[in-house]
Amino acid sequence: GNSVTQMEGPVTLSEEAFLTINCTYTATGYPSLFWYVQYPGEGLQLLLKATKADDKGSNKGFEATYRKETTSFHLEKGSVQVSDSAVYFCAPYFGNEKLTFGTGTRLTIIP
Amino acid sequence: DSGVTQTPKHLITATGQRVTLRCSPRSGDLSVYWYQQSLDQGLQFLIQYYNGEERAKGNILERFSAQQFPDLHSELNLSSLELGDSALYFCASSVAPLNGYTQYFGPGTRLTVL
């Protein structure tokens with residue numbers, strides 16, 4: 001069946017460090033892929049998305065590339081800031097009219 | 001601000017009671033989704049409506065029901081509340097049933113059952 005596996009947290013990094021949050025999926029087809037972010041006390045916001053293989057989504061310095069070969073959509077940022085502290089959710093759309101959210105990865109950036 | 005509004009922001013009630021959560025989607029969005037976020041279950045999809053019709057159902061309990069009205073706002077009704085129903089309930093909307101379309105989330109309603 002369709003499923004998503006997201007890197008478990010929490011993740012704690014120093015400011016300006018490099019960030020990777022892993023996300024892999026299992027699917028019978030080719031899902032659209034989303035990363036959502038939830039800042040403290042707020043609802044989820046779309047961070048970036050990619051709808052087909054080799055597409056790269058990017059926003060606010062974050063990037064993720066749709067890798068069909070490895071069924072992955074890892075989130076990366078070259079230099080994190082304190083304001084990036086949040087919970088990040090990988091969410092494939094498998095075509096059943098709902099997003100399937102990963103477990104979420106809590107990221108804390110230390111000044 | 002996503003453009004999705006949810007009321008109330010906080011709700012405290014007792015076990016056995018019934019509550020109604022309300023959601024207004026972004027202007028022009030026809031699809032509404034309800035999610036439950038709890039510490040032990042993570043983010044769970046409950047139910048989806050499109051232009052007044054139920055389109056998809058997730059892990060929604062029989063004690064819970066929802067509807068979408070002609071003006072496209074939606075209500076989630078939770079009855080016979082239990083302690084375990086305490087959670088954040090999010091509403092999201094999109095232009096159409098999700099197919100690469102972005103879902104926009106409201107700020108959530110925090111439900112506490114005592």
Side-chain angles (χ1 to χ4, degrees), chain A residues 1-10 21 23 25 27 29-53 55-60 62 64 66 73 86-106, chain B residues 1-7 9-10 21 23-26 29-51 53-60 66 87-110:
Chain A
N2 299 322
S3 65
V4 56
T5 301
Q6 184 176 342
M7 180 170 121
E8 294 220 8
I21 299 177
C23 172
Y25 65 89
Y30 301 104
S32 294
L33 301 171
F34 298 79
W35 275 101
Y36 278 81
V37 58
Q38 185 177 25
Y39 296 103
E42 297 184 14
L44 279 74
Q45 303 174 22
L46 177 69
L47 181 59
L48 52 83
K49 69 178 184 181
T51 56
K52 61 183 189 298
D55 267 2
K56 179 186 279 190
S58 61
N59 186 24
K60 299 183 181 180
F62 290 88
Y66 191 142
F73 193 53
V87 181
Y88 292 81
F89 293 89
C90 181
Y93 173 64
F94 295 117
N96 52 358
E97 299 193 22
K98 66 181 180 73
L99 287 172
T100 300
F101 284 90
T103 52
T105 302
R106 182 175 299 277
Chain B
D1 184 354
S2 66
V4 178
T5 60
Q6 288 187 250
T7 56
K9 194 163 184 167
H10 300 279
L21 312 184
C23 167
S24 293
R26 289 189 328 150
D29 284 359
L30 300 179
S31 272
V32 169
Y33 311 78
W34 285 99
Y35 293 88
Q36 180 194 57
Q37 186 178 38
S38 61
L39 282 174
D40 54 346
Q41 297 282 336
L43 195 60
Q44 299 280 323
F45 167 74
L46 295 178
I47 198 163
Q48 180 214 352
Y49 283 84
Y50 174 69
N51 205 18
E53 301 282 328
E54 182 184 305
R55 283 294 289 250
K57 221 166 185 176
N59 301 322
I60 188 166
L88 258 175
Y89 291 84
F90 288 108
C91 167
S93 72
S94 67
V95 170
L98 198 58
N99 183 22
Y101 291 106
T102 299
Q103 281 191 23
Y104 293 88
F105 281 75
T109 293
R110 182 173 292 281

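Note on naming: letters A, B, ... go to the chains in the order of the sequence lines (proteins, then strands), and numbering restarts at 1 for each one.
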> Closest approach of A/Leu44 and B/Phe105, non-hydrogen atoms and distance?
Replying inline: O-CB, 3.2 Å
> Given a strict heavy-atom distance threshold of 4.5 Å, which part of A/Gln45 is in contact with chain B: side chain, backbone, both, or neither?
Replying inline: neither
>> Given heavy-atom pairs under 4.5 angstrom as the criterion, report whether the side chain, backbone, both or neither of B/Gln37 touches chain A.
In response: side chain
> Can you name the nearest heavy-atom pair linking A/Glu42 to B/Phe90, along with the distance?
Replying inline: O-CZ, 4.0 Å
> Taking only residues two or more places apart in sequence, or in another chain, which ones meet B/Tyr50 in a ring pair (Phe, Tyr, Trp, His ring centres under 6.0 Å)?
Replying inline: none
> Is any side-chain heavy atom of A/Leu99 less than 4.5 Å from a side-chain heavy atom of B/Tyr33?
Replying inline: no
> If you count the non-hydrogen atoms of other residues, nucleotides and ligands that lie under 6.0 Å from CZ in B/Arg26, is the total more than 12?
Replying inline: yes
> So A/Tyr36 and B/Gln103, side chain to side chain contact (heavy atoms under 4.5 Å, CB included) or not? Walk me through it.
Replying inline: CA-CA 10 Å; A/Tyr36 278 81; B/Gln103 281 191 23; 3.4 Å; yes
>> Within the supplied structure, the quantity of interest is the number of heavy atoms (other residues, nucleotides, ligands) at a distance under 6.0 Å from B/Glu54 CD; does it exceed 12?
In response: yes
